[in-house]
J.: 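My questions all concern the structure below.
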Amino acid sequence: GLRDRLTGIFRDIRSRGVLGEREVDAALREIRLALLEADVNFKVAKDFIARIRGDIIGIDQAAHLDPSQQVVKAVQAALVELMGGRGAELEKASSGVTTVMLVGLQGSGKTTSAGKLALRLRKRGLRVLLAPADVARPAAILQLKRLAELAGADAFDSEGMKDPVAIVRSAVERAKREHYDYCIVDTAGRMQVDEALMDELRLMKEAALPHEVLLVADAMTGQEAVNLGEAFGEAVGLTGVMLTKMDGDARGGAAVSLRAVTGVPIKLVGVGEKLDALEEFHPERMASRILG
Amino acid sequence: LSGISRIDPESIGDIEEALYMADIGPVTVEAVLEALRRGEGGGESPAVRVRAILLSLMEHPAQSPPVKGQGPPEGEPEVIFLVGVNGAGKTTTAGKLASRLASEGRKVMFAAADTFRAAAGEQVEVWAERNGCHIVRHQEGADPGAVVFDAIASARARGADVLLVDTAGRLHTKKNLMAELIKLCRVAGRQLPGAPHEILLVLDATSGQNALAQVREFGSALGVTGLVVTKLDGSAKGGVLIGAVHESGLPVRWIGVGEGIDDLIPFDAKAFTDALFE
Ligand SMILES: Nc1nc2c(ncn2[C@@H]2O[C@H](COP(=O)(O)OP(=O)(O)OP(=O)(O)O)[C@@H](O)[C@H]2O)c(=O)[nH]1
Ligand SMILES: Nc1nc2c(ncn2[C@@H]2O[C@H](COP(=O)(O)OP(=O)(O)OP(=O)(O)O)[C@@H](O)[C@H]2O)c(=O)[nH]1
Ligand SMILES: [Mg+2]
Ligand SMILES: [Mg+2]
C-alpha cells in the first residue's frame, strides 16, 4: 500500500534530520496518487495535500519510527480529523416524533437503508413508521412495506397515491397522531441536475420538517461525490451522510469528498444487503481503507 | 479542456485535472499524458489530441475481447443474462432492452432470477407488463437456478426469440454470490448448449475506479460478453469506462440515459469521449 511506496522513496535518501523539500514533494505525490486511486475528488485531494504539507515537513528521520511510517500516520491523522470525531449520533427530537428523510441518487441504497434504520430503532424498543414516498420506481412502495414487516415496523400505506408531497404530509401526520417515536421517509432516487425533481424534494422536505436529512451515497461513488454533496446540501440541507455497500472493495474516497464539501458527518455505514447490516462510522478505519 | 491552447508544464496540470474529474483514473491519466509527451493524438489543440488519444485507447484494447459464442441454433431463444453490483440498473435495463428488441420484431420474455431482494420479482413484473411480455417468476426465496431452468423451458415452448434473465445484484467480493452466478450460467448452458449467449455486465456511470475491479472480477468469473453503462443522463461522465474497455477489450453495447422505457441507446465511442469534458 502507501507505506511500501513511501518506503521506496525514503530508502534512497542518505540524509538525516528532518525531511527536505525533495523528499516531502515525492511523498506528497505518492499520497495524492493513493487518494486519487481511492476516488477522492481531485480538488479535495489537492486542498488536502496542501494542508498536510506542514505536518510532513516537520518529520524527523532520525526519530524512533521510520519516516514512511511517520508520514502514513500523519496522513491518517489528518484524514481522521477531516472526517470528524466519532460518528455522530442519529438525531432525536426533544419531544414528539423524530422525522428522518433519506435522499440520494438512484440505486444508492435508500430504501434498504430505511429498513435498516427501522430495525435498529426497533431493537431499542422504539415505535417506527416508514413512509414510502417513491411513486416513480416500479414496486418501490411494496419493497419498503416488505422491509417494514421484516423490521417489525409499520408502513404508511401510500399505494395508489400519486403525490409524494401529500404522502409525506399524511405519513408525518399519522406518525404524530399515533405517537410514533420515529418516522422514516424514503424518497425516490434522483439526480441533482434534474431541477424538477430537486424542487419536488424541497417541497417534500417542507412537508416533513425533518430533524434528520441523510444523504445516502454509494461507497463506490467517484468524482461526482462533490457535485452530489453540494447540490443536495444546497437543495434540502443535509444533517448527515450514510455510506452504503461498504462490504465491497471500493476504497471509499467519496467519504472524504462528501465530508469536505457538505461539512456534515458520516453517521452510518451499510455493510451488507440484510437489514442488520448497519454500523456506525469509524473514521480511523475509513482512513486506512482509503489509503489502501 | 478547450481553454488550453498548448501543452506545457503549466497546462499539463489543467489537463490532468480535467481527466481526473471525468473519473478517468490514475493509470489511464498517466497513459494519456505519456501519449501527449510522445506527440500522439494529431497536431491540433490539446483538447482534440486528448479526445483522440482516449478514443484510440478504447478502440485499441490491451487484449482482444472474449469471443462471443454462436447465437442460438434456429428456433431456439437467445438467452441474455444481466449481471452486476447492487443498484447498477440491471432490472431497469432489462425492461428497456425488451422494448428495443421488440421494436426490432423479436419476441421477448423475462426471467425474474432475483429471488432474494424485497419486491424484486414484482419490479420485473411491472416491466414485463409495460412491454406486453411473458414473465417467469417464482416466489421470494426460491432457487434462482429453478427460475432459469423453467424460463428456458417456457421460452422454448412459447417460441420466444429472446429470454432476458434479470439476476440479483451482488458485490464481486462475495465468493458465494459469484459462485451462485456461475452456477446459473451452468444451469442455462446444460439446458440450452451455448446459453447464456450474452452476459451483459451493467455498470453505474457514477462509480469511480471500483468499476475496473467489477469488470475484472465479473469478467474472469463468467466470461462477460458486453457492458452496459447506466445513469449517463446525470453529471457523472463515466470516464472509468476508458480504462475498463482498454483493459478488457469488452464492447459497450448500450448506455442508459434515464428511467423511462426508451432511455437506452447504442454506445457511440466518439460521442462518449466528446462528452467527457462538457
Ligand atoms: N452489499 C450491499 N448491498 C446494499 C447495501 N445497501 C443497499 N444494498 C443493495 O443495493 C441495491 C439498491 O438498494 P435500494 O435500497 O433499492 O436503493 P435505492 O436508493 O432505494 O434505489 P432507488 O429507490 O431506485 O433510488 C439493492 O440490491 C440493495 O439490496 C449495502 O450496504 N451492501
Ligand atoms: N437516471 C437514471 N436512472 C437509472 C438508469 N438506469 C437505472 N436507473 C435507476 O436506478 C435505480 C436502480 O435500478 P434497478 O434497475 O433497480 O437496479 P438493479 O441493478 O436491478 O438493482 P438490484 O437488483 O437491487 O441490484 C432505479 O431507480 C432506476 O430507475 C439510467 O440510465 N438513468
Ligand atoms: Mg428506493
Ligand atoms: Mg434488480
Side-chain angles (χ1 to χ4, degrees), chain A residues 32-34 36-43 45-46 105-112 115 136-150 188-194 217-228 231 244-245 247-254 272-273 275, chain B residues 13 16-27 29-30 85-92 95 116-127 129-130 140 168-174 177 204-211 213-214 217 230-231 233-240 258-259:
Chain A
R32 197 188 74 137
L33 189 59
L36 291 172
E37 278 174 0
D39 293 320
V40 175
N41 181 273
F42 186 88
K43 294 192 173 125
K46 205 166 169 188
L105 296 178
Q106 288 88 347
S108 64
K110 298 172 293 300
T111 305
T112 308
R137 170 171 156 157
I141 295 172
L142 182 64
Q143 185 186 3
L144 191 61
K145 281 182 177 171
R146 292 251 167 91
L147 296 181
E149 277 171 45
L150 290 175
R190 69 201 65 219
M191 294 179 157
Q192 71 272 14
V193 294
D194 189 326
D218 197 319
M220 63 172 175
T221 307
Q223 298 290 302
E224 185 66 356
V226 159
N227 295 336
L228 172 67
T244 62
K245 308 175 205 172
D247 44 319
D249 59 3
R251 296 259 290 269
E273 298 188 61
L275 289 195
Chain B
E16 213 186 18
E17 175 168 330
L19 292 170
Y20 272 112
M21 299 285 280
D23 274 311
I24 287 179
V27 172
V29 169
E30 198 39 47
V85 300
N86 307 73
K90 300 174 290 300
T91 306
T92 307
F116 169 76
R117 208 207 69 212
E122 286 87 348
Q123 185 186 4
V124 187
E125 198 138 40
V126 172
W127 282 107
E129 270 167 50
R130 286 178 180 175
E140 218 169 271
R170 69 204 67 219
L171 298 181
H172 49 279
T173 47
K174 310 258 161 115
L177 297 182
D204 186 331
T206 60
S207 53
Q209 300 309 299
N210 195 252
Q214 293 170 31
E217 298 301 320
T230 62
K231 308 178 198 170
D233 45 314
S235 47
K237 302 296 183 189
V240 63
E259 303 189 66

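First the proteins, then the strands, lettered A, B, ... as listed; each starts at 1. All values below come from the heavy atoms of this structure, side chains included, with hydrogens, waters and symmetry mates left out.
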J.: Select one option (side chain, backbone, both, neither) describing which atoms of A/M220 are under 4.5 Å from chain B's heavy atoms.
T.: both
J.: Are the side chain of A/D249 and the backbone N or O of B/N210 linked by a donor-acceptor pair below 3.5 Å?
T.: no
J.: Please look at A/K145 and chain B and tell me whether the side chain, the backbone, both or neither of the residue comes under 4.5 angstrom of a heavy atom of that chain.
T.: neither
J.: Check the pair A/R251, B/Q209 against side chain to side chain contact (heavy atoms under 4.5 Å, CB included), reporting the backbone distance first and the verdict last.
T.: CA-CA 9 Å; A/R251 296 259 290 269; B/Q209 300 309 299; over 6 Å; no
J.: If you measure from the Lys or Arg side-chain nitrogens to the Asp or Glu carboxylate oxygens, is any gap between B/E17 and A/K43 under 4.0 Å?
T.: yes
J.: With a 4.0 Å cut-off on N to O distance, would you call B/E16 and A/R32 a salt bridge?
T.: yes
J.: Quick one: what part of A/R137 sits under 4.5 Å from any heavy atom of chain B, side chain, backbone, both or neither?
T.: side chain
J.: Minimum heavy-atom separation for B/T173 and A/G248, please, with both atom names.
T.: OG1-CA, 3.7 Å
J.: Quick one: do B/E122 and A/R146 satisfy salt bridge (charged side-chain N to carboxylate O under 4.0 Å, His left out)? Show the steps, please.
T.: CA-CA 12 Å; B/E122 286 87 348; A/R146 292 251 167 91; 2.7 Å; yes
J.: What distance do B/N86 atom CG and A/K245 atom NZ have between them, rounded to the nearest 0.5 Å?
T.: 6.0 Å
J.: May I ask you to name which of B/T92, B/D233, B/V240 has the most heavy-atom pairs under 4.5 Å with chain A?
T.: B/D233
J.: Identify, with sequence neighbours excluded, every residue that meets ring pair (Phe, Tyr, Trp, His ring centres under 6.0 Å) alongside A/F42.
T.: B/Y20
J.: When you look at A/D247 and B/K174, which way does the side chain to side chain contact (heavy atoms under 4.5 Å, CB included) test go after all the steps?
T.: CA-CA 9 Å; A/D247 44 319; B/K174 310 258 161 115; 2.4 Å; yes
J.: Sort A/L105 into side chain, backbone, both or neither according to what part of it lies under 4.5 angstrom from a heavy atom of chain B.
T.: side chain
